[in-house]
Amino acid sequence: MARPAVRIAPSLLAADFARLGEEARAAAAAGADWLHLDIMDGHFVPNISFGPVVVKALRRHVAIPFDVHLMIAPADPYLAAFAEAGADLISVHPEAGPHLHRTLQTIRGLGKRAGVVLNPATPVQAVEHVLDLADLVLVMTVNPGFGGQSFLESQLPKIAALRRMIEATGRAIALEVDGGVTAETAPRCIAAGADVLVAGTAVFGASDYAAAIAALRGGAAPPRRAGEAP
Ligand code: DX5
Ligand code: ZN
């Protein structure tokens, strides 16, 4: 299967929280493909960010897809709220609930694309038998909870293994990497098979968002294939 163009999903976690709408618009104007929204509950991860009310408020600022990364447990009671708030993709960690298959069915049932997130210690087998319900697999290259951490090189073989698993399905499941992605680590993620890169600090910590996004793509922005979902 032809590899789709690399998409860049800036994580608003590293933006100025007092100006979230403006920051979202700036990221979209700078060429962001998706906006990555990190939802943290202070329980599943040791940090608290924001919830569906903020997601809904952001929705009117930009049209690019909202890539909602749920770091909350349980996640199931909140899926509808995030769907209604304007999420396009909703991703969950297998550890956040006892029935991952049912959770993915619920997300799909809400009309949204469903993702599975693998923590650094979570094996690829956690997603193997639910790939038929997955539109996205997200590999954490840091322990979730905070931006600005160092990229875990140990996850590169996992990205490559997941790329092989995805190719075997024959479906265009997105393979996303999140944590410590910079212009230096991005090429290694792409070489391993990633096609969506999340970047918080590398975009919102830069003075020029467009230059930062272009650098993450490897300096070139390949055109999106006709008919491919944004
Ligand atoms: C961490 C979040 C990431 C975070 C990435 O739990 O899932 O999306 O914002 O931040 P950087 O790119 O700074 O590592
Ligand atoms: Zn994230």
Side-chain angles (χ1 to χ4, degrees), residues 6-17 20 23-24 26-27 30 32-52 54-55 58 64-73 75 78 82 87-96 107 113-122 127 135-156 158-159 174-190 194-207 209 211-217:
V6 172
R7 296 182 178 91
I8 306 299
S11 165
L12 215 52
L13 192 66
D16 179 348
F17 269 36
L20 284 180
E23 291 276 65
D33 297 283
W34 296 353
L35 194 64
H36 186 81
L37 300 170
D38 288 302
I39 313 300
M40 305 177 176
D41 66 356
H43 164 75
F44 184 71
V45 290
N47 195 7
I48 300 174
S49 59
F50 52 85
V54 173
V55 175
L58 287 165
I64 58 174
F66 276 8
D67 172 29
V68 173
H69 174 190
L70 295 182
M71 287 163 275
I72 62 175
Y78 302 98
F82 283 102
D88 295 282
L89 303 102
I90 300 177
S91 298
V92 296
H93 288 250
E95 297 86 353
I107 296 169
R113 283 181 268 171
V116 179
V117 192
L118 303 181
N119 276 333
T122 306
V127 71
D135 301 292
L136 175 145
V137 179
L138 170 49
V139 177
M140 292 305 304
T141 40
V142 298
N143 283 298
F146 302 95
Q149 302 181 78
S150 296
F151 182 84
L152 297 172
E153 298 278 341
S154 61
Q155 301 305 299
L156 287 169
K158 186 195 282 185
I159 297 168
L175 181 51
E176 185 173 38
V177 178
D178 184 5
V181 176
T182 65
E184 288 70 43
T185 57
R188 295 208 280 287
C189 299
I190 295 167
D195 53 23
V196 186
L197 304 179
V198 176
T201 310
V203 173
F204 290 105
S207 54
Y209 296 175
I213 289 171
L216 291 165
R217 288 190 212 279

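We count ligands from 1, going down the list as the structure has it; atoms in each ligand are counted the same way.
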| Do Tyr209 and Val203 come close enough that some side-chain heavy atom pair is under 4.5 Å? | yes
| Rounded distance [0.5 Å steps], CG in Leu216 versus OG1 in Thr185 | 8.0 Å
| For ligand 1, which atoms sit closer than 4.0 Å to a heavy atom of His36? | 8 (O)
| query | Which protein heavy atom lies closest to atom 2 (C) of ligand 1, and at what distance to 0.1 Å? | reply | Asp38 OD1, 3.4 Å
| said: Please verify the inter-ring angle class for His93 with His69; under 30° counts as parallel, over 60° as perpendicular, anything in between as tilted. | reply: parallel
| task | Answer yes or no: is there a side-chain heavy-atom contact under 4.5 Å between Glu23 and Leu12? | result | yes
| request: Give the residue, atom name and distance (to 0.1 Å) of the protein heavy atom nearest atom 13 (O) of ligand 1. | output: Thr201 OG1, 2.5 Å
| Name of whichever N/O/S atom of Asp38 is nearest to the Zn ion (ligand 2) | OD1
| Judged by atom type as modelled, is there a donor-acceptor pair below 3.5 Å linking the side chain of Asp178 to the main-chain atoms of Met140? | no
| note | Note: ligand 1 atoms sitting under 4.0 Å from heavy atoms of Leu13 are 9 (O)
| message | Tell me whether Ala202 reaches ligand 1 (any heavy atom closer than 4.0 angstrom to a ligand atom). | response | no
| Rounded to the nearest 0.5 Å, what separation is found between the CG atom of Asn143 and the CG atom of Asn119? | 6.5 Å
| request: Report the nearest protein non-hydrogen atom to atom 6 (O) of ligand 1: residue, atom name, distance rounded to 0.1 Å. | output: Gly145 N, 2.7 Å
| request: Work out whether the distance between some heavy atom of Phe146 and some atom of ligand 1 is less than 4.0 Å. | output: yes
| field | Full working for side chain to side chain contact (heavy atoms under 4.5 Å, CB included) between Ile107 and Asp135 | value | CA-CA 11 Å; Ile107 296 169; Asp135 301 292; over 6 Å; no
| field | Atom of His69 nearest the Zn ion (ligand 2) (restricted to N/O/S, atom name only) | value | ND1
| message | Quick check: do Asp67 and Glu176 have side-chain heavy atoms less than 4.5 Å from each other? | response | yes
| request: Could you list the atoms of ligand 1 found under 4.0 angstrom from a heavy atom of Val198? | output: 8 (O)
| query | Which of the atoms of ligand 1 are close to Met140, meaning less than 4.0 Å from one of its heavy atoms? | reply | 7 (O)
| atom 11 (P) of ligand 1: which protein heavy atom is closest, and how many Å away? | Gly148 N, 3.7 Å
| message | Under 4.0 Å from a heavy atom of Ala199: which atoms of ligand 1 are those, numbered in the order shown and with their elements? | response | 12 (O)
| query | Would you say Ala14 touches ligand 1, if touching means a heavy atom closer than 4.0 Å? | reply | no
| message | Is there a side-chain contact between Phe151 and Thr182 in this structure, where contact means two heavy atoms from C-beta onward sitting under 4.5 Å apart? | response | no
| query | Under 4.0 Å from any heavy atom of Met40, which atoms of ligand 1 are there? | reply | 6 (O)
| query | With respect to atom 9 (O) of ligand 1, which of Gly179, Ser11, Gly200 exhibits the smallest heavy-atom separation? | reply | Ser11
| Can you tell me if Asp41 uses its side chain to pair, donor with acceptor, with the backbone of His43 under 3.5 Å? | yes
| task | For His69, take its heavy atoms, then give the atoms of ligand 1 lying under 4.0 Å from any of them. | result | 7 (O)
| message | Among all protein heavy atoms in this structure, tell me which lies nearest to atom 3 (C) of ligand 1, with the distance rounded to 0.1 Å. | response | Asp178 OD1, 2.9 Å
| Looking only at protein heavy atoms, which one is nearest to atom 14 (O) of ligand 1, and how far off is it? | Gly180 N, 2.8 Å
| task | Considering only non-hydrogen protein atoms, determine which one is nearest to atom 10 (O) of ligand 1 and report residue, atom name and distance to 0.1 Å. | result | Gly147 CA, 3.5 Å
| Of all the atoms in ligand 1, which lie at a distance below 4.0 Å from a heavy atom belonging to Pro144? | 6 (O)
| request: Report yes or no: does Thr141 contribute a side-chain atom to a donor-acceptor pair with the main-chain N or O of Gly179 at less than 3.5 Å? | output: yes
| said: Around atom OH of Tyr78, are there more than 12 heavy atoms from other residues, nucleotides or ligands closer than 6.0 Å? | reply: no
| task | Please step through side chain to side chain donor-acceptor pair (under 3.5 Å) for the pair His36 and Asp38, ending with a clear verdict. | result | CA-CA 6 Å; His36 186 81; Asp38 288 302; 2.9 Å; yes
| Shortest-distance N, O or S atom of Asp178 relative to the Zn ion (ligand 2) | OD2
